[in-house]
Amino acid sequence: MKLITAIVNDQDGLKVLDALNKEGFSVTKLATTGSFLKVGNMTLIIGTEDELVQKAIDIIKEKCHRRKQVVITPAILETAGGFMTKPTEVDVGGATIFVQDIERFEKI
Ligand code: 2BA
């Protein structure tokens, strides 16, 4: 048994959920927030058999697309000597996936 934790972009999240459910995976969705962009993302927790882990990851991969986004970040500009903002391009979308072994799984 494995536990997959997948952090996905809000824009892709519902498509991923539907596709996972359609293939029979049980999924719990948590509304989460990334520390860097400080915007909402979606964390999916999926308990599944070892042999189904790759299938779940393939579904997530198929539904999540990486794209560029310009964000305004605070920056200390030495010449100005104070706080200013700076446009920065970051990659968003895709998915960040952790897979962990589960020692015991029970449904009561
Ligand atoms: P955020 O922390 O809001 O990060 C959003 C995106 O901003 C990141 O995409 C990355 O492209 C960029 N980014 C993050 N930290 C940065 C930094 N210190 N300097 C420059 N750019 C930075 P992803 O890497 O795809 O991450 C998407 C979301 O997944 C993250 O949202 C965070 O909520 C989560 N995440 C990513 N890696 C994680 C990790 N190792 N542990 C826990 N959560 C993670």
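Quick caveat, the model's predicted, so the values are computed rather than measured.
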Worksheet entry | Chi angles and distances behind the side-chain contact (heavy atoms from CB on, under 4.5 Å) call for Cys64, Val16 | CA-CA 7 Å; Cys64 293; Val16 178; 3.5 Å; yes

Worksheet entry | Minimal non-hydrogen separation, Gly34 against Asn41, with atom names | N-ND2, 3.5 Å

Worksheet item: Where do Leu17 and Leu44 land on the side-chain contact (heavy atoms from CB on, under 4.5 Å) test, with the steps shown first?
Response: CA-CA 8 Å; Leu17 270 183; Leu44 307 179; 3.8 Å; yes

Item to complete: Look up atom CD1 in Ile4 and atom CD1 in Ile102, then write down how far apart they are to the nearest 0.5 Å.
Response: 10.5 Å

Worksheet entry | Nearest heavy atoms of Ala6 and Ile97, plus distance in Å | CB-CG1, 4.1 Å

Worksheet item: Between Ile59 and Ala19, what is the shortest heavy-atom contact and its length?
Response: CG2-CB, 3.5 Å

Worksheet item: With a 4.5 Å limit on heavy-atom distance, are the side chains of Phe98 and Ile7 in contact?
Response: yes

Discussion item. I'd like to check Lys2 versus Asp101 (side-chain heavy atoms, cut-off strictly below 4.5 Å). Are they in contact?
Written reply: yes

Worksheet item: Does any N or O in the side chain of Asn21 come within less than 3.5 Å of the main-chain N or O of Phe25, such that one atom is a donor and the other an acceptor?
Response: yes

Worksheet item: In Å and rounded to the nearest 0.5 Å, what is the CD to OG1 distance from Gln100 to Thr5?
Response: 5.0 Å

Discussion item. A side-chain contact here means heavy atoms from C-beta on lying under 4.5 Å apart; do Asn9 and Val39 qualify?
Written reply: no

Worksheet item: Once you round to the nearest 0.5 Å, how far does CD of Glu49 lie from NZ of Lys55?
Response: 13.0 Å

Worksheet entry | pair Thr48-Val53: side-chain heavy atoms closer than 4.5 Å | yes

Response to the item:
Nearest heavy-atom approach of Ala95 to Ile60 is CB-CG2, 3.7 Å

Worksheet item: Mind checking whether Thr88 and Val70 have side chains closer than 4.5 Å, heavy atoms only?
Response: no

Worksheet entry | Nearest heavy-atom neighbours spanning Leu37 and Val92 | CD1-CG1, 3.5 Å

Discussion item. For Asp12 and Arg67: C-alpha separation, side-chain torsions, deciding distance, then whether salt bridge (Lys or Arg N to Asp or Glu O under 4.0 Å) applies.
Written reply: CA-CA 11 Å; Asp12 299 320; Arg67 43 200 169 252; 3.3 Å; yes

Discussion item. So that I can tick it off, tell me whether Lys63 and Asp58 are bridged by a salt bridge, with the cut-off set at under 4.0 angstrom between side-chain N and carboxylate O.
Written reply: no

Item to complete: Show your working on side-chain contact (heavy atoms from CB on, under 4.5 Å) between Ile45 and Val27 and close with a plain yes or no.
Response: CA-CA 6 Å; Ile45 54 177; Val27 187; over 6 Å; no

Worksheet item: Mind checking whether Asp91 and Lys68 have side chains closer than 4.5 Å, heavy atoms only?
Response: yes

Discussion item. side-chain contact (heavy atoms from CB on, under 4.5 Å) for Gln69 and Glu89? Distances and angles first, verdict last.
Written reply: CA-CA 6 Å; Gln69 187 177 320; Glu89 196 175 63; over 6 Å; no

Fill in: Donor-acceptor pair, side chain of Asp50 and main chain of Met1, under 3.5 angstrom
yes

